[in-house]
Protein chains: 2
Amino acid sequence: MGLDVHAIAASRLGAVGQRYTTSRRTVVDTLQEAGRPLTIPEILEDNPSLPQSSAYRTLAVLTQAGVVRRIVAVDEFARFELAEDLSSHHHHLLCTSCGLVADFELPSTLEVELESAFAAAASRHDFERVQHRVDLVGLCTACSVTAGS
Amino acid sequence: MGLDVHAIAASRLGAVGQRYTTSRRTVVDTLQEAGRPLTIPEILEDNPSLPQSSAYRTLAVLTQAGVVRRIVAVDEFARFELAEDLSSHHHHLLCTSCGLVADFELPSTLEVELESAFAAAASRHDFERVQHRVDLVGLCTACSVTAGS
DNA sequence: ATGAGTGCAAAGGCTTTGCATTAGG
DNA sequence: CCTAATGCAAAGCCTTTGCACTCAT
């Protein structure tokens with residue numbers, strides 16, 4: 001798709017009174033190129049000149065502006081990816097052994113069914129502004145070879 | 001249901017060479033009574049005489065024995081609930097504001113469809129021993145009143 | 001009795017923050 | 001220019017761990 005991610009990012013940051021600075025642009029680039037959720041250590045690895053504290057602050061701002069999404073996987077590291085409307089709707093495969101996060105998609109017919117079931121559950125429990133989080137938790141190829149009993 | 005949770009817990013602990021001690025029993029009771037995932041601070045609140053380190057160690061052992069399940073919500077706190085075969089299959093509603101976790105269920109027909117879609121996705125990505133994690137993330141009643149814009 | 005389990009306190013590790021400096025609009 | 005953003009270092013906070021004591025078998 002031909003979305004201008006940087007233009008959208010600049011606009012969303014502006015909407016919350018934030019500037020689209022060099023380091024923020026860099027982080028967005030890194031996430032877009034990765035195409036999967038990255039931890040902050042991974043982001044720093046790709047950008048050795050970026051200080052750790054700047055990475056944390058940058059990602060906090062980008063998250064707040066709706067440019068990136070923070071996801072909680074199975075290990076102690078937070079992970080970040082571009083917001084879904086800047087990439088595409090997808091789900092995550094989480095490796096319980098190494099923490100790897102990969103993306104996958106569900107048939108759209110199933111997504112539709114899920115959506116209505118979720119809407120019903122949310123309304124039943126008085127939850128609002130609900131998004132769903134559908135993940136698979138298991139062992140990735142590498143780990144099932146290593147740790148597979 | 002008439003499951004004897006304590007008997008099962010004792011048996012599962014035994015299977016991994018662990019004893020079913022008083023504090024472990026206490027934690028299991030607390031989780032069963034709560035009927036929703038609890039953080040360690042919440043567990044300690046319910047059991048003021050239980051030291052923090054014992055709570056962490058107890059829950060680590062119970063998790064390893066398959067008596068409880070550790071879940072990652074949206075905040076920094078790990079949460080624990082009884083294993084599904086000691087309670088029932090369900091999903092979670094997560095409040096992004098206060099971190100509250102509530103339970104909900106999906107129609108069993110939808111569960112079946114999901115299961116096969118997940119199996120397909122997992123096999124496509126060479127993931128093994130896959131479990132699913134289907135949660136809704138939003139604002140609980142209390143928080144949507146307070147923080148609802 | 002005798003090793004597993006517990007309690008206390010200190011250490012670990014990811015993340016946040018204070019403050020002086022730099023850069024964006 | 002002038003405020004927001006950055007960089008460095010120190011502090012926070014959840015969690016884990018070392019070690020001596022106690023309880024379960």
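So you know, we letter chains A, B, ... as the sequences are listed, proteins then strands, and number each from 1.
Within the 4.5 Å cutoff, the side chain of A:Asp103 has heavy atoms near those of the A:His92 side chain. Side-chain contact between A:Arg24 and A:Val27 is absent, with no heavy atoms from C-beta onward closer than 4.5 Å. Looking at B:Phe80 and B:Ile40, their side chains come closer than 4.5 Å, going by heavy atoms from C-beta outward.
Using a 4.0 Å heavy-atom cutoff across all strands shown, B:Ala60 reaches no nucleic acid atom at all.
The number of heavy atoms from other shown groups lying within 6.0 Å of CD (B:Gln131) does not exceed 12.
Between its opening and closing five pairs, the helix from C:dA1-D:dT25 to C:dG25-D:dC1 changes axis direction by 40°, a value rounded to 10 degrees.
The stretch residues 49-58 of chain B comes close to DNA chain C through B:Pro51, B:Ser53, B:Ser54, B:Arg57, each having a heavy atom under 4.0 Å from the strand. Applying a 4.0 Å cut-off to non-hydrogen atoms, the residues of residues 9-39 of chain A that approach DNA chain C are A:Arg19, A:Thr22, listed by residue number. DNA chain C is contacted by A:Glu76 of residues 61-76 of chain A, taking any non-hydrogen atom closer than 4.0 Å.
Looking at residues two or more places apart in sequence or on another chain, you find no salt bridge (Lys or Arg N to Asp or Glu O under 4.0 Å) involving A:Arg124. The side chain to side chain contact (heavy atoms under 4.5 Å, CB included) test applied to B:His125 returns A:Leu93, A:Phe104, B:Phe127, not counting sequence neighbours. Take B:Arg79 and apply the side chain to side chain donor-acceptor pair (under 3.5 Å) test, not counting sequence neighbours, and it matches B:Asp75. Annotation: salt bridge (Lys or Arg N to Asp or Glu O under 4.0 Å) contacts of A:Glu42 (sequence neighbours excluded): A:Arg36.
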Notebook entry, point to check: Please walk me through it: do B:Asp85 and B:Arg12 pass salt bridge (Lys or Arg N to Asp or Glu O under 4.0 Å)?
Noted result: CA-CA 12 Å; B:Asp85 59 357; B:Arg12 290 193 187 165; 2.8 Å; yes
Run A:Arg70 and B:Glu76 through salt bridge (Lys or Arg N to Asp or Glu O under 4.0 Å) and show every step you take.
CA-CA 12 Å; A:Arg70 178 189 168 136; B:Glu76 318 308 313; 3.7 Å; yes
* Should B:Cys98 and B:Cys140 be marked as a side chain to side chain contact (heavy atoms under 4.5 Å, CB included) after you check the CA-CA gap, both sets of side-chain angles, and the distance that decides it? -> CA-CA 8 Å; B:Cys98 70; B:Cys140 72; 3.9 Å; yes
Identify each donor-acceptor pair in which a side-chain atom of residues 45-61 of chain B lies under 3.5 Å from a protein atom, sequence neighbours left out, and give them as a table.
residue: B:Asn47; atom: ND2; partner: B:Thr30; partner atom: OG1; Å: 3.0
residue: B:Asn47; atom: ND2; partner: B:Ile43; partner atom: O; Å: 2.9
residue: B:Thr58; atom: OG1; partner: B:Ser54; partner atom: O; Å: 2.7

Distance-only donor-acceptor hits, side chain of residues 109-122 of chain A, under 3.5 Å, sequence neighbours excluded:
residue: A:Glu111; atom: OE1; partner: A:His89; partner atom: NE2; Å: 3.1
residue: A:Glu111; atom: OE1; partner: A:His132; partner atom: NE2; Å: 3.4
residue: A:Glu111; atom: OE2; partner: A:His89; partner atom: NE2; Å: 3.2
residue: A:Glu111; atom: OE2; partner: A:His91; partner atom: NE2; Å: 2.5
residue: A:Glu115; atom: OE1; partner: A:His132; partner atom: ND1; Å: 3.1
residue: A:Ser116; atom: OG; partner: A:Glu113; partner atom: O; Å: 3.1

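Nearest approach of A:Gly66 to A:Ala83, heavy atoms of both residues: O-CB, 3.3 Å.
Read 5' to 3', the first and last nucleotides of DNA chain D with an atom closer than 4.0 Å to a heavy atom of chain A are D:dT3 to D:dA9.
Other cluster members for B:Val74: B:Ile71, B:Leu94, B:Val101, B:Val137, joined by side-chain heavy-atom distances under 4.5 Å among Ile, Leu, Val, Met, Phe, Trp and Tyr.
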